2 protein chains.
Amino acid sequence: MKAERTKPRKPETRIQKRNHEAILEAALDVFSSRGFRGATVDQIAKAAGLSKPNLLYYFPSKEAMHTALLTGLLDSWLAPLRALDASGEPIEEILTYVRRKLEMSRQMPRESRLFANEILQGGPRLHGVLADDLKPLVDEKAKVIRAWVEAGRIAPVNPQHLIFSVWSLTQHYADFDIQVRTLLSDVEPDPFPEAERHLVTLFTRMLTPEAA
Amino acid sequence: MKAERTKPRKPETRIQKRNHEAILEAALDVFSSRGFRGATVDQIAKAAGLSKPNLLYYFPSKEAMHTALLTGLLDSWLAPLRALDASGEPIEEILTYVRRKLEMSRQMPRESRLFANEILQGGPRLHGVLADDLKPLVDEKAKVIRAWVEAGRIAPVNPQHLIFSVWSLTQHYADFDIQVRTLLSDVEPDPFPEAERHLVTLFTRMLTPEAA
DNA sequence: CGTGTTCCTGACCATTTGGTCAAACATAAC
DNA sequence: GTTATGTTTGACCAAATGGTCAGGAACACG
């Protein structure tokens, strides 16, 4: 319902760009670790090294910072799925997808938690994105996977639920990081190498067609 | 650090029990859908059909309601894993575990989201529980799984990460319910039947030993 | 019925929080 | 230097929120 006039129409000055980025970086930090409601503008301001009114000079509201983050990150967030190539070797394509998603959990846990926080709460600020951007992409890639199944190139599997499985398994290592590390504390200091081996094994066994 | 004297030492009156339960029920509703910080005592009071001061009569603080919920639910939350039986048939045991966890995602999504919300935010209110209660249980069951692997009764797998996989795959259908339903809106009105088929297939293929 | 205990509430309070604003400060252009 | 534009902040505000409290209502029991 709100106008999308967050960014000025004129080209950004250097100082604008710097502060804009500092604010979004700080906002990502705070929103991802406390949720939208749990984050305060003061916390973000402090993390960005700016004053609260100064934040409100660059963004009209706390809400605006949040949506700027979500929309700005969406593209890179969906990139790995977009890269799934219908003309590639099926199992290798999916394993690559899994590896890239797991790598994102390692490198961008804050982004993962930001989205998780949002969807957990019923995604009031994401309904549109889910239906308008994500759904078409998932439908398209589901079709690709279905074609692979029908061609006998991978074992039979429900395409949509396969995608859900990739998401849940990989994002788990970002979203539930504390739990994972606590439970592995005396086994592996860094869960990711073993996680990758585990997931590669899992999807390979799951998708390799019957030798029959 | 706080004393655990939430409950009075005297036996509860009928009215105490009723209100106590109504409050926790309402608190589960509100906490699970908005997170701790996002929930207000007023919202919980309204949902419970009581006045705000009345809630504070039964619980010393908002925080107390939250911890009462977490600790009260922990047992039933971990029951499925506890039920994993070392003397049972390995694959059937794990499939049963998966089915029970998925069933909990269907029947108790609020509880799932409550824990998810908590762990997502670094689990400040759960550190103790994770290390003291969950870790020993996971270690014990990991040992069971490792024994099955070494006996050749299931295919080689990292026990801890296998448990993580069960959690993430099953809880995903509760925690990300909105996303799942949105993406399946024109395919399946109820995601769970297909989810169960999918997960049974996944774990069967993953765990069935090589015919070699 | 009387009395002690439990239960409940309206009014109130202190703090936090998102957001505003006038004025000060900085910067670049002329 | 002057002027116009862009940037920053201290002071402030209204609303929301967790929590308190004195007293009233309901109940239990002799």
Side-chain angles (χ1 to χ4, degrees), chain A residues 1-3 5-31 33-70 121 124-125, chain B residues 1-3 5-27 29-31 33-69 121 124-125:
Chain A
M1 291 300 171
K2 296 251 183 84
R5 288 254 160 271
T6 297
K7 318 239 175 143
R9 38 264 152 277
K10 298 214 176 175
E12 287 187 336
T13 71
R14 216 154 316 128
I15 202 167
Q16 258 172 23
K17 198 181 173 212
R18 171 170 53 84
N19 285 347
H20 221 88
E21 282 171 5
I23 292 170
L24 287 182
E25 162 69 23
L28 174 58
D29 231 67
V30 178
F31 280 138
S33 67
R34 343 259 297 207
F36 178 77
R37 187 91 200 299
T40 78
V41 180
D42 264 322
Q43 287 166 354
I44 300 174
K46 203 171 178 183
L50 299 172
S51 70
K52 180 169 69 159
N54 207 0
L55 289 220
L56 278 307
Y57 170 74
Y58 287 101
F59 289 88
S61 69
K62 177 185 172 184
E63 177 90 32
M65 301 175 209
H66 194 252
T67 57
L69 260 186
L70 286 179
Q121 329 230 323
R125 285 168 273 268
Chain B
M1 290 304 168
K2 297 254 183 84
R5 288 252 161 271
T6 297
K7 317 240 174 141
R9 39 263 149 281
K10 298 215 178 173
E12 286 187 335
T13 71
R14 216 156 315 127
I15 201 166
Q16 261 172 21
K17 195 177 176 219
R18 171 169 55 82
N19 285 346
H20 222 87
E21 281 171 4
I23 293 171
L24 287 181
E25 164 68 22
D29 231 66
V30 178
F31 281 137
S33 67
R34 343 258 298 204
F36 178 76
R37 187 94 200 300
T40 78
V41 180
D42 264 322
Q43 286 166 355
I44 300 174
K46 203 171 176 184
L50 299 172
S51 69
K52 180 167 69 157
N54 207 1
L55 290 219
L56 278 307
Y57 171 75
Y58 287 101
F59 290 87
S61 69
K62 178 184 170 184
E63 178 90 33
M65 300 176 209
H66 193 253
T67 57
L69 260 186
Q121 328 231 325
R125 287 170 271 269

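Keep in mind that the numbers below use all heavy atoms, side chains included, and drop hydrogens, waters and symmetry copies. As the structure is a computational prediction, the values presented were derived from the model and not from experiment. Naming convention: chains lettered A, B, ... in sequence-line order (proteins, then strands); numbering from 1 in each chain.
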Report summary line: In B/S/- notation (B base, S sugar-phosphate only, - none; protein heavy atoms under 4.0 Å), nucleotides 10-27 of chain C written 5' to 3' is B------SBBBB------
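Going from atom OG of A:Ser33 over to atom CG of A:Leu28 covers 9.0 Å, rounded to the nearest 0.5 Å.
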**Report entry** side-chain contact (heavy atoms from CB on, under 4.5 Å) between B:Gln43 and B:Arg34, intermediate numbers included
**Finding:** CA-CA 10 Å; B:Gln43 286 166 355; B:Arg34 343 258 298 204; 3.2 Å; yes
Query - Residue pair B:Tyr58, B:Gln16: steps toward the side-chain contact (heavy atoms from CB on, under 4.5 Å) verdict - result: CA-CA 8 Å; B:Tyr58 287 101; B:Gln16 261 172 21; 3.9 Å; yes
Report task. Take A:Lys62 and A:Phe31 through the test side-chain contact (heavy atoms from CB on, under 4.5 Å) and record every step on the way to the result. Result -> CA-CA 10 Å; A:Lys62 177 185 172 184; A:Phe31 280 138; 4.0 Å; yes
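If you measure from atom OH of A:Tyr58 to atom C1' of D:dT9, you get 13 Å, rounded to the nearest angstrom. One interatomic measurement links the two molecules: CZ of A:Arg18 to P of D:dG6, which rounds to 17 Å at whole-angstrom precision. B:Leu55 has its CG atom 14 Å from the P atom of C:dC7, to the nearest Å. The separation between B:Arg34 atom CZ and D:dA16 atom P is 14 Å, rounded to whole Å. Taking atom OH on B:Tyr57 and atom P on C:dC8, their separation rounds to 7 Å, with Å as the unit. Nucleotide C:dT9 holds its P atom 5 Å from the CG atom of B:Asn54, rounded to whole Å. Look at NE2 on B:His66: it is 13 Å from P on D:dG18, rounded to the nearest Å. Atoms NE2 (A:His20) and P (D:dT8) sit 13 Å apart, rounded to a whole Å.
Side-chain N/O atoms of B:Asn19 include one lying less than 4.0 angstrom from OP1 or OP2 on C:dC8. OP1 or OP2 of C:dC7 sits under 4.0 Å from a side-chain N or O of B:Gln16.
Listed by chain and number, the residues in a salt bridge (Lys or Arg N to Asp or Glu O under 4.0 Å) with B:Arg125 are B:Glu63, B:Glu118 (sequence neighbours excluded).
Here the shortest heavy-atom pairing between B:Leu24 and B:Ala68 reads CD2-CB, 4.2 Å.
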